[in-house]
Amino acid sequence: MKMSQIYIPTLKEKPTEAETPSHELLLRAGMIRRVAAGIYSFLPLGYRVVRRVEQIIREELEKAGAQEVHLPLLHPAELWKESGRWDEMGDLMVKLKDRRDREYCIGPTHEEVMTDLIRYELKSYKDLPQNFYQIQTKVRDEIRPRFGLLRAKEFSMKDAYSFHANWESLDATYQDMHKAYCSIFQRCGLDYRVVEADTGPMGGTDSHEFMVLAETGEDSVLFCDSCGYAANVEKAQSKVSKQEEKIAPPEKEEIYTPGVTTIEGLEKTMDLPGEYLFKSLLYRGEKDYYLAIVRGSDQLNENKLMALLGDPHLHLAEEGYKNLPAGFLGPQGDHGLKVVADELVMEMEWGVAGANRVDYHVQGIIPGEDFSPDMIGDIRSARHGEGCPRCEGTLEEIRGIEVGHIFKLGTKYSESMNAHYLDENGKAFPMIMGCYGIGVTRTVAAAIEQNHDENGIKWPLPIAPYQVILLTLGKDEKVNEESEKIYEELKKAGVEIIWDDRPERPGVKFNEADLLGIPLRITVGRKYLETGQLEIRDRYNNEDYLLEKSQLLTWVQDYLGEEESI
RNA sequence: CGGAGCGUGGCGCAGUCUGGAAGCGCGCCUGCUUUGGGAGCAGGAGGUCGAAGGUUCAAAUCCUUUCGCUCCGACCA
């Protein structure tokens, strides 16, 4: 492709909307343009990258035995009401009505439509397992779209759904998909980690996330260097030391603590470390109120709390409960609330809690004596520096971008939607399901978050919009002729090459080549006529090479081949 | 949803307080010069000042309403 014939509107200045490197560079390199909040158009160069990622995904999934389908964007409300998610999903779904007042939503995901597709005809155990995938645009009314393609309202996603007659079969497909995902992200040239994850609102049992490592990532991952344990902070466990410095328990008595409603304030007022304070948080679930207790030094983990209580509708109760005063809550006494305590709380010898009346706390509260929780479990967040739950190592925290997520769904959807199969004895059972997602457009952005410098993008070769960019400097007719020869030779050899044949000044061409991030840059100018040597720069390492023209094709092919075989 | 801020040419911004001819830089078009890391000179095109209503002789500027966008927060009760 000649650069004079392709539309690449680059920007010299950083657009104000851009908060993060991938967002800025995608805009500046003329790859995407914003249409509305969280909604983007892809320009020719940007779309080429999307297609490269899609292609790698297709190849690896076909290898894993998945079949490509294409499901609709517009879903009838009935399907979602059947699964119960019409209300459960809440405002995340964009809902609309047609002229006859029929209700629809724009698919934020496709479990319902997929299950519906197979439930009437896929009836026998002999037809299982099956694994279907599609690459589709999803629409989710995110609370706050941001960071360009990283959290968009409309985005491209590869989703896959598998159906099984037994758990062993699901396990096997799950493993195949796990492997396929590893191949996909490796082939995309990305540094990623697989981590244990929380299943969240999707439901199900096992779940793993694929995280591209990048400082700007929205997710935190804890991992252990010695045994390889890795988990999302939403789920991670850890080994923690108990109350270290022993403080003798004081007499139980109420203390006047005017206006002290925070743990930080209480630490100062009482001159005690957080391990001696009870942090009490009031939660409202679907039916009940809960008082969740963790140590003052710990963070409550809402995901763990939801999992423990089996209630996905939990949220912090902002309206309060009866006449219990905000900021002075405690687990003890006759308040009528269900108390859920963290395991570590029960190991505290004593502590200070709110007195359940304004401006007072109580010291000398002993777990198990002064209060007995209705439920005990791990409801705190693990942290950097704590012990690995599997070995003697230490957990480290890193930032990542979630680009893939696989779940063992089980029978959540097949039960609610009556997707049954008949076994050898003619008996009906709900199919066992798995589901597997990859954020295609997010992967593109994540690749940039991980691979860029102050001058622009550094595309990993396999997903770069072009492999080689040829710069022609000056107006010399001979330089132009030589450039054309090189361009034709490489093109003919199957190299994806873009030729900057524009009448721009050298500075513009060099800077834009850096910005666009094409992996190899070949420069042809007056110097070439003088020395007969071509200059090649590897954009990734910013290393330069000098070559005779006769060596060029072999050198380039070697370079491209080596990278591809990694 | 709570808080803060911003809407002025394709992009980045000034002008708004104190009403009185819509400006600057980048980009774009034409010409000449220049040509190895975002050129120089000269000329030029392009704007319902987010929208609606109001005040006024006069509104980008003041008032009211509304729409859009961005950032922070939404676990320390």
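Sequence lines set the chain letters: A, B, ... in the order given, protein chains first and strands last, and positions in each chain run from 1.
For U35(B), its base never sits under 3.5 Å from the side chain of Arg526(A) at any donor and acceptor pair. With hydrogens and angles ignored, a donor-acceptor pair under 3.5 angstrom links the side chain of Glu13(A) to the base of G25(B).
Among the protein residues, Ser381(A) comes within range of no part of the nucleic acid, since none of its heavy atoms lies under 4.0 Å from any strand. Note on Glu19(A): only backbone sugar-phosphate atoms sit closer than 4.0 angstrom, heavy atoms only; bases stay farther off.
Each of A77(B), G37(B), G12(B) was ranked by its minimum atom distance to the side chain of Asp514(A); first place goes to G37(B).
Using cut-offs of 30° and 60° on the angle between ring planes, the pair Tyr47(A) and Phe42(A) is tilted.
Remark: side-chain polar atoms of Arg442(A) are paired, donor with acceptor, to backbone N or O of Leu150(A) under 3.5 angstrom.
Pairing partner, G5(B): C69(B), with both Watson-Crick or wobble hydrogen-bond distances short of 3.5 Å. Pair check for C62(B) finds G54(B); Watson-Crick or G-U wobble, both atom distances under 3.5 Å. Figure legend. G43(B) is base-paired to C29(B); pairs are counted as Watson-Crick or G-U wobble with both atom distances under 3.5 Å.
Residues Asn356(A) and Leu329(A) are in side-chain contact: their nearest non-hydrogen atoms beyond the backbone lie under 4.5 Å apart.
Taking only side-chain nitrogens and oxygens, Thr16(A) comes nearer than 4.0 Å to OP1 or OP2 of G12(B).
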